[in-house]
Amino acid sequence: MRVDIHQHLWTEPLVAALARRDEPPYVRRIDGEWVLRIPGEPDWALQPATLDLEARAEEVRRDGVDLALVAPSSPVGFEALPADQARPLVEAHLEGLAGAPECFAAWGVLALADARPAEVDDLLDRGHVGLSLPAGAIATPAGLDRCGPWLECLERRDAPLFVHPGPAPWSRPVPHPGGAPLWWPALTGYVAEMNAAWHAFVAAGRSAHPRLRVAFAMLAGVAPVHLERLAARGGPAGAGLEPDVYYDTSSYGERTVDAMVRCVGIDQIVYGSDRPVVGPAPWGLGQAARHAALVENPQRLLSGARAAAPARAYA
């Protein structure tokens, strides 16, 4: 089975729940289209094709993928809101996935401010393949410790963690400076968050959770390329080569993926497209590497998870 571990869906229940909000994050109907407003980021128009789940399913098929795993778009920040605001949005996200075509499965999501370990069990019981956390949640050893009970549950259930850029209740997103181009957050704050989350996991997460399989979006901000610098500064560079740490290729192409393969090996690279935010870059590393990233490596990452469960089972 060919797996894309990183996509997003904008469903009617989630859009409706965001439209009811008075403060960002929210959506508003402007000139006939939904526009998303996120704290600290430029506005983003949700294109009609983005909202059409059947069109998205056809896109999955055109990409040559059998299963696309849906994660919350964590930079929106709804997981990080106060619990009374986060829970309606989390529930709307899960409700929307119930009507998704069968080519989609999903990462679980929590209202982070007051989530209990039993909620992770419930998500897994309902067919989610694992848990998605914003990078801000584990970007420090203290953040990892806060998340410890959820990560212990994943270990016990043999389910993986997916780390995506975004804030947590105990972290703040990097602000978007006035006058900066639209791409600025994706190349600054997102990269910094992923880099910090990877280094925190290497420094403290692996020893605390030795059996946890974890996948970092966007190649962890290319953090493993800094292994030599980590070693030079006395850090735990060896932990950066742990076999149960995976890196999705979202937003990156042949040159950067090749650099990562040289650092960690092909066995830890998994395919992630980040659709509909961006499209996948052309693959230039050969069919054997593509097969590893699409088939063999995701199978190891998801081992023990119900990867083939349809998203509609999650409601």
Side-chain angles (χ1 to χ4, degrees), residues 1-7 60 63-72 97 100 102-110 117 119-133 138 144 147-164 197-198 201-202 205-220 224 239-250 257 260-261 263-273 287-314:
M1 177 177 288
R2 298 162 297 183
V3 181
D4 179 346
I5 77 156
H6 179 181
Q7 291 205 13
V60 169
D63 282 347
V65 170
D66 301 304
L67 186 70
L69 306 186
V70 178
L97 293 178
E102 291 188 2
C103 61
F104 294 105
W107 297 98
V109 56
L110 298 170
E119 294 179 59
V120 179
D121 276 314
D122 180 61
L123 287 167
L124 298 176
D125 288 343
R126 292 159 64 186
H128 292 257
V129 300
L131 179 66
S132 178
L133 285 178
I138 63 165
L144 269 164
C147 299
W150 309 331
L151 304 185
E152 289 168 6
C153 182
L154 292 175
E155 283 186 289
R156 176 171 50 80
R157 295 290 298 270
D158 195 24
L161 171 69
F162 181 57
V163 183
H164 189 283
W198 182 86
F201 187 79
V202 166
R206 176 48 79 209
S207 59
H209 305 284
R211 298 181 306 279
L212 181 65
R213 297 188 305 281
V214 55
F216 288 89
M218 47 179 285
L219 299 176
L241 298 174
E242 289 282 344
D244 281 336
V245 179
Y246 296 83
Y247 307 91
D248 98 30
T249 58
S250 54
V257 175
M260 284 287 292
V261 169
C263 291
V264 302
I266 188 60
D267 291 344
Q268 291 170 252
I269 305 299
V270 288
Y271 177 78
S273 69
Q287 288 305 308
R290 180 175 174 83
H291 181 78
L294 269 167
V295 180
E296 296 176 359
N297 301 345
Q299 182 177 356
R300 288 198 308 276
L301 169 66
L302 299 170
S303 175
R306 291 181 232 177
R312 65 169 57 93
Y314 302 155

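Side chains are part of it too, since the values below use all heavy atoms of this structure and drop only hydrogens, waters and symmetry mates. Everything quoted here is computed from the prediction, not taken from an experiment.
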Carefully, step by step, assess Val129 and Trp107 under the rule side chain to side chain contact (heavy atoms under 4.5 Å, CB included). CA-CA 6 Å; Val129 300; Trp107 297 98; 3.8 Å; yes
Give a yes or no on whether a salt bridge exists between Asp244 and Arg213, defined as a side-chain N under 4.0 angstrom from a carboxylate O. no
Decide, yes or no, whether a salt bridge links Arg2 with Asp63 under the criterion of side-chain N to carboxylate O below 4.0 Å. no
If I take atom [atom1] from residue [X] and atom [atom2] from residue [Y], how far apart are they, to the nearest 0.5 angstrom?
X	Y	atom1	atom2	result
Ile269	Leu294	CD1	CG	12.5 Å
Met260	Leu219	CE	CG	5.0 Å
Leu67	Cys103	CG	SG	8.0 Å
Leu131	Leu110	CG	CG	5.0 Å
Ser273	Asp4	OG	CG	3.5 Å
Phe216	Trp198	CZ	CH2	8.5 Å

Parallel, tilted or perpendicular: which describes the rings of His6 and His164, with under 30° parallel and over 60° perpendicular? perpendicular
Does the side chain of Arg157 reach to within under 4.5 Å of the side chain of Asp125, using non-hydrogen atoms? yes
Would you mind reporting whether Gln7 and Val65 have side-chain heavy atoms less than 4.5 Å apart?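 No, too far: nothing below the 4.5 Å cut-off.
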If the test is side-chain contact (heavy atoms from CB on, under 4.5 Å), which one of Asp248, Thr249, Asn297 qualifies with Ile5? Asp248
Take Leu151 and Val214, measure what side chain to side chain contact (heavy atoms under 4.5 Å, CB included) needs, and give me the verdict at the end. CA-CA 10 Å; Leu151 304 185; Val214 55; over 6 Å; no
For Leu69 and Leu302, what are the C-alpha separation, side-chain angles and deciding distance, and is it a side chain to side chain contact (heavy atoms under 4.5 Å, CB included)? CA-CA 11 Å; Leu69 306 186; Leu302 299 170; 4.0 Å; yes
Side-chain donor or acceptor of Arg206 paired with backbone N/O of Leu212 under 3.5 Å: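 Judged by distance alone, yes, a pair lies under 3.5 Å.
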So, does Gln268 use its side chain to make a donor-acceptor pair with the main chain of Glu242 at under 3.5 Å?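 Checked: pair present.
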Smallest separation among heavy atoms of [X] and [Y], with atom names:
X	Y	result
Val270	Pro298	CG1-N, 3.8 Å
Val264	Gly240	CG1-O, 4.3 Å
Cys153	Pro117	SG-O, 4.0 Å

Centroid-centroid under 6.0 Å between Phe201 and His209 rings: no
Verdict with reasoning, Arg300 to Asp267, per side chain to side chain contact (heavy atoms under 4.5 Å, CB included): CA-CA 9 Å; Arg300 288 198 308 276; Asp267 291 344; 3.4 Å; yes
